[in-house]
Amino acid sequence: MSENTKDALKQIISQFFIITVCTMFVISATNLIASGGFKYNFDPSFPWVMMLTGLLGSLPSLLFRFGKEPTKKEFYLRVVIHFFAIQTVILTEGLFLGWFSTLENMLIIAAMVTAVYVLVWVFSIISDRSTAVNINKALKTFNEDEE
């Protein structure tokens with residue numbers, strides 16, 4: 001397996017876990033608010049559906065694999081395309097799985113997808129910054145040892 005393929009799989013797996021956890025958080029919080037407490041029951045298929053949603057939501061993250069460093073315009077264009085790709089994939093999944101039957105319910109699902117999208121970006125940025133800080137510390141230590 002090529003290094004590029006391994007990196008793509010690592011990216012998908014990482015996004016899968018982040019998306020799955022964020023999706024479960026948003027759905028649980030929404031149900032908590034809507035039901036006025038912990039008075040709701042989930043279907044036994046719920047964990048499987050959330051994992052499917054995490055998998056389907058992670059695939060468009062491959063849009064962020066760049067051959068060369070993108071310009072800000074190219075990056076932000078991909079963010080917009082990525083957002084609409086996620087909305088399309090998840091709303092299509094919801095249509096097939098019967099998550100909504102009215103436009104109002106579809107808009108609620110779209111709002112929840114947007115909330116998950118924002119949370120995933122926040123967690124990804126925190127993770128990436130933490131990685132960058134650790135790399136910079138290691139490089140600083142390495143350079144000090146070389147002197």
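Considering only residues two or more places apart in sequence or on other chains, Asp7 meets the side chain to side chain donor-acceptor pair (under 3.5 Å) condition with none of them. Listed by chain and number, the residues in a side chain to side chain contact (heavy atoms under 4.5 Å, CB included) with Lys72 are Tyr76 (sequence neighbours excluded). With sequence neighbours excluded, the residues satisfying side chain to side chain contact (heavy atoms under 4.5 Å, CB included) with Thr141 are Asp145. Take Phe83 and apply the ring pair (Phe, Tyr, Trp, His ring centres under 6.0 Å) test, not counting sequence neighbours, and it matches Tyr117. For Ile33, there are no side chain to side chain contact (heavy atoms under 4.5 Å, CB included) partners at least two apart in sequence or on another chain. For Thr53, the side chain to side chain donor-acceptor pair (under 3.5 Å) partners two or more places apart in sequence, or in a different chain, are Glu93. Residues satisfying the side chain to side chain contact (heavy atoms under 4.5 Å, CB included) test with Leu103, not counting sequence neighbours, are Met106, Leu107.
The distance from the CG atom of Leu52 to the CG atom of Leu97 is 6.5 Å, given to the nearest 0.5 Å. We find the CG-OG distance between Leu9 and Ser58 to be 10.0 Å, quoted to the nearest 0.5 Å.
Nearest heavy atoms, His82 versus Pro60: CD2-O, 3.1 Å. A pairwise comparison of heavy atoms in Glu69 and Glu74 identifies O-OE1, 4.5 Å as the closest pair.
Considering only heavy atoms from C-beta on, Arg78 stays 4.5 Å or farther from Pro70 through its side chain. Inter-residue side-chain proximity for Phe75 and Thr71 is flagged as unmet; no heavy-atom pair is nearer than 4.5 Å. When side chains are defined from C-beta on, Phe100 counts as touching Leu91, because their heavy atoms get closer than 4.5 Å.
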Please step through side chain to side chain contact (heavy atoms under 4.5 Å, CB included) for the pair Leu119 and Phe25, ending with a clear verdict.
-> CA-CA 10 Å; Leu119 281 173; Phe25 174 79; 3.8 Å; yes

Could you go step by step and tell me if Ile27 and Met50 meet the side chain to side chain contact (heavy atoms under 4.5 Å, CB included) rule?
-> CA-CA 10 Å; Ile27 288 173; Met50 290 306 94; 3.3 Å; yes

What do the steps show when you test Thr102 against Asn105 for side chain to side chain contact (heavy atoms under 4.5 Å, CB included), and what is the final call?
-> CA-CA 5 Å; Thr102 66; Asn105 289 344; 3.3 Å; yes

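With a 4.5 Å cut-off between side-chain heavy atoms of Ile, Leu, Val, Met, Phe, Trp and Tyr, the cluster of Phe17 takes in Ile13, Phe16, Trp48, Met51, Leu55.
Across Val116, Val120, Ile18, Val49, a single residue satisfies side chain to side chain contact (heavy atoms under 4.5 Å, CB included) together with Thr23, and that is Val116. Partner Ile86 forms a side chain to side chain contact (heavy atoms under 4.5 Å, CB included) with one of Val89, Ile90, Thr88 and no other, that one being Ile90.
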Could you list the donor-acceptor pairs under 3.5 angstrom formed by side chains in residues 108-115, with sequence neighbours left out?
from, atom 1, to, atom 2, distance (Å)
Thr114, OG1, Gln87, NE2, 3.0
Thr114, OG1, Ala110, O, 2.9

